[in-house]
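Quick notes on the structure that follows.
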Amino acid sequence: MAQAVSLEAKELSSISFLKQRPRNDRLDLWPFVCAYVAWSGYVLWRLVTIGTEGFYLIQLATYALLAIHAVTFLSGVWSVGSQARLRFRPAGSISQATHVLVVPHAFVGTRDIVPLEQKADAAGVPRYAFSFRKLRFVHSADTGAFTKLKYPSHDTVGAYLAATGLGSEAATAAALERWGDNRFEVPVPSFAALLADQLMAPFFCFQVFCVGLWALDEYWYYSLFTLFMLVTFECTVVVQRLKNLNDVRALQTPKEALSVYRGGKWAKIPGDSLLPGDVVSMLRDDSGNDLVVQADMLLLAGSCIVDEAVLTGESTPQWKSAIDENDEGGAEARLSIKRDKAHVLFGGTKILQTTGERAARLKTPDNGCLAVVLRTGFGTAQGRLMRTILYSTEKVSANNVETFLFIAFLLVWAIAASGYVLYYGLADPNRDRFKLVLNCIMILTSVVPPELPMELTIAVNASLLALSRLRIFCTEPFRIPLAGKVTTCCFDKTGTLTSDHFVLEGVVGCGAPEGGPEPEAGALQDAKSLPRATARILAACQSLVQVDKETIGDPLEKVALEAVGWTTLGQQGVRSKDGGPRETVEIVHRYAFSSTLKRMSTLVAVEPEGATATKSHWVLTKGAPEVIRGDLAAVPPQYDATHRPHARVFSAYTLVSLLGQFAVHISFLMFMQRTAHAMMPREERQEPDSEFKPNLINTICFLVNFSIQTMTFAVNYVGAPFNTPLQENRFFALSVNWSTLAYVLLVLDLPRGLRTWFSLVAIPAEMQGQLLVLGGLAYLAAGTIERMARAMFPAPLVPEKGGLHRSRTPMGPRKKQQ
């Protein structure tokens, strides 16, 4: 491998120089061309001298050579390390290199080979750079190291205050050469390119290999149909990936023209032409349209009110003031965007109000705020967010140790079965050796069924439908299969990628309103028909304020107040206007939300309207469920979640249930197969390689396997609280019931002649009874084993909020809030 290069970038672990091999020098090409020529000559010599004796060995060796070549070629697609060895050679120096092998740190990305860019500057000195995940790294001729492209965002305050923009065309050209245009380039590949990427995935190639095996075994219709379904499935995945990429591109804000001071004069310049060092005027006009900040800028004169919800999720507008050399540190202090964010306008945020400064050193033409551009493109705060979104749509691999262990566990049985077939097949001199080896390979590949992606797609779609019925929408469905391993969830408030507008659909578990009927357990109650105490909490346990007759504060508290039909009375009160007797609630004191206590409270005085009404005082509290639980006189049922599915395959429950049900199924199958073998005349028995003909054994095996598949779905379906109960899952219940009915009708041949449609033979009456009775007993036995295993080895309880390692001690009385 190439020698590592000096690197000064916290995102990358190491880089190496590579030189691309010519096509005729690639290790995944010319060695195999030589091998094909040599093998072809040997095969011709053997056919001429020996003939076709043992030709199946020639066939197997030819297929093996083709498979080795295919795996070698594809390994350069699947593995970056293999690609570096097969298609590149180490470069002795940077001048000889054409590409760079980039090895990032953990959680920054995966290894990749990227082109090395080489350009000469004005003096003819070569300059080198490469881009990795939209980050640009440049080579320093002085230190000989690659560093991430730096923006002028750490200069002194005095230097910024003295900025006069890019003073000449040469300075503008140099800045453009260094930082490029102010754009978020999100290229969308063509459908064909993405489809080719999907078709070269390891799992798809394995499926095509299995399809080829079936075709060699003369299962043409099945092979072609499966291949068609696989390609169709991959096309749907490509369509989804294209949609995701187009959605990412749609997140880009339009680049509006701004007043920019260049070359000693003001001029209107498109937003995508902004460069670091430009001095601009930021003005929100009176049209009511919000002004979107085009890049990260430092405010030099004037002030702004900015909505930063797109970056931080904070719904409260932020006030931005101009930086001052009289601040702490003076004019020689270095700018820190994290420390001085109150003076920084971040790209993508919206300016709600601008106030220019007439005494500014550089007067703006439109009396806007004066600012200097710090960062552009993917270097901005919005650019980092865009990179996160862009690379979150990459494929997620479910490969892990547990998966491979499970496959290895199944492979042990497959090897045993394949060895059994091979041993007895070789003992039969009349057995076709090519078909024998082919069947043994097919047994091994059956460990991973080729239909798995389609089955997984059906499962994912079913999950999406179930989630959508609960008004939960998933933007990345390919992550659903990984959700079973989740043990802890972290939630953040909305606003970063969505709107800060809420809709209160209702409240669950708050009891019946005064004089109303008791709601069903888990029923969603309308916010205007809640018990009076619950309505008071939603309306008066809040931190809203009224400014210029407008309610300002947390959007969730605002929508809750509106949903219950109450209105604010100045700064310290609310009044009911819908749903029952009216009352006025005065907020005597607020105990603001505490992240330590995880709750907030208000002390209120309630005064119902009416001559006989008396004033009462209440303490209203809201907070995290595990905190509020300790203040409840009686904990409602199902307040705590005490169930969760098993997250691991190799658990005592899974192994006991799997092996127990397998024992029941194999016993049922073996008993019926041996019974059919004893009752079937010898002349009806078939040789392994003979043409298929219906007989009693394959009829019984088909029906038993059909019943095993049906009972597997019925027994292992888990309803509440994880899924819809079976009796409410209409389509699944119908499929199980109709499959059971089909099994009974096929066994009894009702109506007469039904069996002939499925290439089945008549079943003796004695065996009909055995199939029905033993099938029912097998279902009861498998169900009993499943329920006993679940009861004997329950899944761990949901961890308390805060992490897995927190002790589960009972909640005692807490200290009184001061």
Side-chain angles (χ1 to χ4, degrees), residues 314-317 493 500-516 519 525-634 636 813-818:
E314 296 292 343
S315 57
T316 305
K493 55 188 172 296
D500 59 0
H501 177 68
F502 293 87
V503 176
L504 182 60
E505 294 286 347
V507 182
V508 176
C510 58
E514 288 75 4
Q525 296 176 245
D526 184 74
K528 289 184 171 60
S529 60
L530 300 175
R532 178 62 60 171
T534 304
R536 285 181 193 144
I537 294 174
L538 292 176
C541 189
Q542 36 85 353
S543 54
L544 301 174
V545 296
Q546 201 167 27
V547 178
D548 296 334
K549 297 183 180 180
E550 182 180 359
T551 304
I552 304 296
D554 190 295
L556 185 58
E557 293 180 340
K558 288 173 60 178
V559 74
L561 179 67
E562 297 168 359
V564 296
W566 291 44
T567 57
T568 56
L569 298 174
Q571 302 289 352
Q572 297 293 112
V574 292
R575 173 184 294 168
S576 65
K577 64 178 182 179
D578 295 327
R582 295 194 174 187
E583 64 182 30
T584 301
V585 177
E586 177 190 359
I587 302 177
V588 180
H589 189 75
R590 284 187 174 99
Y591 296 92
F593 174 78
S594 168
S595 59
T596 303
L597 298 175
K598 294 190 282 191
R599 71 174 187 267
M600 78 161 291
S601 304
T602 56
L603 175 62
V604 301
V606 179
E607 185 173 0
E609 295 184 2
T612 61
T614 58
K615 180 183 290 188
S616 60
H617 289 80
W618 293 70
V619 174
L620 308 178
T621 303
K622 65 181 180 182
E626 70 274 13
V627 174
I628 299 299
R629 188 185 193 281
D631 293 329
L632 298 179
R814 295 189 306 273
K815 294 182 180 179
K816 183 178 179 181
Q817 182 177 3
Q818 299 299 320

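What you are looking at is a predicted structure, and each value in this text was computed from that prediction instead of being measured.
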Note, [X] side chain near [Y] side chain (heavy atom, < 4.5 Å):
X	Y	answer
R590	Q542	yes
R536	V606	yes
L597	Y591	no
E562	L504	no

Quick one: closest heavy-atom pair of [X] and [Y], and the distance?
X	Y	value
T534	L530	CG2-CD1, 4.1 Å
T602	C541	OG1-CA, 3.6 Å
E583	S576	N-OG, 2.9 Å
E557	S543	OE1-N, 3.1 Å

Next item on the list: Have a look at L544 and tell me which of I587, L561, V574 forms a side chain to side chain contact (heavy atoms under 4.5 Å, CB included) with it.
Entry: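 Going through I587, L561, V574 one by one, the side chain to side chain contact (heavy atoms under 4.5 Å, CB included) with L544 is satisfied by L561 alone.
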Next item on the list: Quick one: pull up CD in E607 and NE2 in H617 and give me the separation to the nearest 0.5 Å.
Entry: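 Here the rounded value is 10.0 Å.
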Note to self: Return the CZ to CD1 distance between R532 and I537, rounded to the nearest 0.5 Å.
What the structure shows: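 It comes to 13.0 Å.
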Note to self: For the backbone of R599 and the side chain of K622, can you confirm whether one donor and one acceptor N or O come within less than 3.5 Å of each other?
What the structure shows: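 Not a single qualifying donor-acceptor pair exists.
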Notebook entry, point to check: Counting only N and O atoms by type, is there a donor-acceptor contact under 3.5 Å from the side chain of K598 to the main-chain atoms of V627?
Noted result: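 Not at all, since once roles are kept as given, no pair shorter than 3.5 Å links the two residues.
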Next item on the list: Take L538 and V507 through the test side chain to side chain contact (heavy atoms under 4.5 Å, CB included) and record every step on the way to the result.
Entry: CA-CA 10 Å; L538 292 176; V507 182; 4.2 Å; yes
